[in-house]
Amino acid sequence: MPKNLKNRNLLPHFLLVVGWAVMGMPYLAGCSTVESGREKIGTMFGSSTRTAEERLLADGSLAPMEGQDEFDAAKKLYAAKNFEEAEKAFKKVTKKYEDRPIEEEALFMLAESQFQQERFPKAEDSYNRLLNKYEGSRYMDQATFRLFTIARDWLDGPAPVQEQEVIQASGGENPESGVVRIEKQKRPFPLIPNITDNKRPAFDTDGRALEALKSIWLNHPTGKLADDAVMLSGVHHYRTGNYLDAGHFFEMLREQYPNSPHAANAYQFGAHVEQLIYQGPAYDGRGLDKAIELTESTLSLFPDKVDRERLQKSLAYINHEKARKSWERVQYRLGKGQREAAEINCVALLQEHPDSAFAELAKQTMEELRAERLQRSGIDPSEEMAQPELPKYEESYDGEVGEIYIGDSVEGETVETEDTIAPPDFEDVPDLFDNLPTE
């Protein structure tokens, strides 16, 4: 034996070699031994490694899942309509067999037990837990249907479209009367606690309802209720006066669910909220351009589903508002002493809105400004000769918000200055939730 090994303890090295040999034996013995060893290791550490294939018996049937007996006992309680005891039993199964195949089944039945007791906040939590943990769960349709039912209950059972509201979105019988804002729906204050109704959350019922709807279109975007959930979210925001969020949901429905039965209303309501968001001539007018685009798209895409005459009147009103914005721009330039800029804006108004109520005012103002300009240039306005060309018109507005100069009123002027919005009238719009899918 070499001198350097005489005084060394070889026992650890010997044990190491033996250990490696033992661990490598299953691989030498074949795959079946490896699988057997893997199953034993899984059993030792309590994890589930037995897939459906591994549960396959010789006769072609599946061996019972872990916890199957306890799950079946809980189902008997549910079948006997003893929902409270069933809830407790299913909850035990979900805890004891977490991350086992039986957990998905137990989670769904736990949620169902809570739903049957109308303990909707608990049920919503359980359905969401199921959908978040088991993507593509086989209970997806049933769970999203329950979530939709809960959300509608918390929002006091609203239909997505009501007659007066669609009237609202069409622009009204008199385009020049403006757009009447719908009376905002009064909802419970989110921070006032609920201590009497087990069907509702302790706080912020509306917020929880919107979260339930969001869970539907996030987890099951191709499901039967995804477009309904998006539309109902938009209509709720519309009813409560949150027009920016309402517009977001209507746009989402138009882009992601163009074949939805709600599509026509998503276009009409989308145009309407753009008008409601618009705050007058002193502010950005891009919303009016979008309202025109959406209204024209509605007329083009849904010729047989909408009241064309009413939408034409709505379109006329939006163009009237655009012309008013152009006229206010003229007044603003005059107030700043920018005479040539005001003349340019008059030319633009006549080009873009020749038939508006402001066209004659713009024409008179332009002629007066032109005469002044020619006189400053030493040219007799009465002489027929080539006049200096004005700079090319470019859409611009560099004034500060609210800094609009309103000139002296002109006798006989019929220009409206109030920012109002007129009621549309849809008497033929059905409740699109009448034919929802059932369980």
Side-chain angles (χ1 to χ4, degrees), residues 48 52 55 62 64-158 194 196-202 204-226 228-229 232-233 433 435-439:
S48 175
R55 290 172 50 217
L62 288 177
M65 292 185 289
E66 293 179 88
Q68 186 71 54
D69 292 341
E70 294 161 80
F71 177 78
D72 290 341
K75 283 192 74 174
K76 289 181 180 179
L77 293 171
Y78 182 89
K81 298 187 177 181
N82 189 351
F83 300 123
E84 185 175 355
E85 292 302 317
E87 177 187 356
K88 295 177 183 178
F90 286 125
K91 187 177 294 185
K92 287 181 181 179
V93 175
T94 61
K95 289 182 178 180
K96 185 175 179 180
Y97 299 99
E98 186 177 2
D99 297 328
R100 311 292 212 285
I102 199 70
E103 184 189 20
E104 180 184 359
E105 314 285 331
L107 271 176
F108 175 71
M109 291 307 301
L110 170 63
E112 287 288 284
S113 301
Q114 293 163 338
F115 182 88
Q116 294 297 339
Q117 298 175 77
E118 294 190 334
R119 300 180 64 192
F120 289 165
K122 292 285 187 183
E124 186 212 12
D125 289 339
S126 297
Y127 287 123
N128 279 326
R129 182 180 165 193
L130 169 70
L131 297 180
N132 291 333
K133 187 164 186 177
Y134 294 94
E135 296 181 10
S137 169
R138 66 193 187 94
Y139 296 109
M140 184 72 72
D141 288 338
Q142 299 98 312
T144 52
F145 179 83
R146 293 300 199 199
L147 287 173
F148 191 84
T149 303
I150 292 170
R152 288 193 70 187
D153 184 272
W154 286 347
L155 296 177
D156 298 323
N194 162 46
T196 60
D197 189 354
N198 289 332
K199 290 177 66 176
R200 293 174 179 262
D204 193 14
T205 299
D206 286 3
R208 287 284 299 272
L210 292 170
E211 284 298 314
L213 294 173
K214 180 179 179 180
S215 181
I216 295 170
W217 49 262
L218 273 182
N219 289 295
H220 202 16
T222 60
K224 295 178 180 179
L225 290 172
D228 300 291
L232 189 54
S233 300
F433 277 61
N435 299 313
L436 286 176
T438 58
E439 295 180 75

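- At least one donor-acceptor pair closer than 3.5 Å links the side chain of S113 to the backbone N or O of M109.
- To the nearest 0.5 Å, atoms CG (D72) and CG (L77) are separated by 11.5 Å.
- Listed by chain and number, the residues in a side-chain contact (heavy atoms from CB on, under 4.5 Å) with K92 amount to none (sequence neighbours excluded).
- For NZ of K133, the number of neighbouring non-hydrogen atoms (other residues, nucleotides, ligands) closer than 6.0 Å is greater than 12.
- Counting heavy atoms from C-beta outward, K96 and I102 have side chains that stay 4.5 Å or more apart.
- Proximity of S137 to E104: side-chain heavy atoms (C-beta onward) are separated by under 4.5 Å at one or more points.
- How far CG of L213 is from CG of L155: 6.5 Å, rounded to the nearest 0.5 Å.
- For the salt bridge (charged side-chain N to carboxylate O under 4.0 Å, His left out) with R119, the qualifying choice from E112, E87, E84 is E87, the only one to do so.
- Taking the side chain as every heavy atom from C-beta outward, Y134 and L107 approach each other to under 4.5 Å.
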- Task: Could you walk me through whether F90 and E105 pass the side chain to side chain contact (heavy atoms under 4.5 Å, CB included) test, one step at a time?
- Result: CA-CA 9 Å; F90 286 125; E105 314 285 331; over 6 Å; no
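- A cation-pi arrangement is found for R146 relative to F115, the charged atom lying closer than 6.0 Å to the ring centre and inside a 45° cone about the ring normal.
- One finds a salt bridge joining E85 and K88 here, because a Lys/Arg side-chain nitrogen approaches an Asp/Glu carboxylate oxygen to under 4.0 Å.
- Side chains of L147 and L225 form no contact here, defined as non-hydrogen atoms less than 4.5 Å apart.
- Residue P221 comes nearest to L218 through the heavy atom pair CD-O, 3.7 Å, listed as atom of the first residue, atom of the second, then distance.
- Under a 4.0 Å N-O distance rule, the pair D153/K199 qualifies as a salt bridge.
- Judged as a ring pair (Phe, Tyr, Trp, His ring centres under 6.0 Å), and not counting sequence neighbours, the contacts of F108 are Y139.
- Checked by atom type, the side-chain pair E103/T94 shows no donor-acceptor distance below 3.5 Å.
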- Message: Could you walk me through whether L110 and L130 satisfy the side chain to side chain contact (heavy atoms under 4.5 Å, CB included) test, starting with their C-alpha distance in whole Å, then the side-chain angles of each, then the deciding distance to 0.1 Å, before giving a yes or no?
- Response: CA-CA 10 Å; L110 170 63; L130 169 70; over 6 Å; no
- Message: side chain to side chain contact (heavy atoms under 4.5 Å, CB included) for D206 and W154? Distances and angles first, verdict last.
- Response: CA-CA 7 Å; D206 286 3; W154 286 347; 5.9 Å; no
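- The line from CE of M140 to CD of Q142 is 10.5 Å long, rounded to the nearest 0.5 Å.
- Scanning all heavy atoms of the two residues, the minimum distance from A111 to A123 falls at O-CB, 3.8 Å.
- Taking 4.5 Å as the limit, some side-chain heavy atom of D141 sits within range of a side-chain heavy atom of H220.
- By the 4.5 Å heavy-atom criterion applied to side chains, P121 and R208 are counted as neighbours.
- Taking CD of Q114 as the start and CG of D125 as the end, the distance is 8.0 Å to the nearest 0.5 Å.
- Contact annotation: the side chain of T144 never approaches that of F148 to less than 4.5 Å [non-hydrogen atoms, C-beta and beyond].
- Of all heavy-atom pairs spanning W217 and A226, the tightest one is CB-O, 4.0 Å.
- The distance from atom OG1 of T149 to atom CZ of F145, rounded to the nearest 0.5 Å, is 4.0 Å.
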- For salt bridge (Lys or Arg N to Asp or Glu O under 4.0 Å), just list the numbers for D228 and R152, CA-CA rounded to whole Å, side-chain angles, deciding distance to a tenth of an Å, and then say yes or no. CA-CA 11 Å; D228 300 291; R152 288 193 70 187; over 6 Å; no
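- What you find for A151 and A209 is that their closest heavy atoms are CB-O, 3.7 Å.
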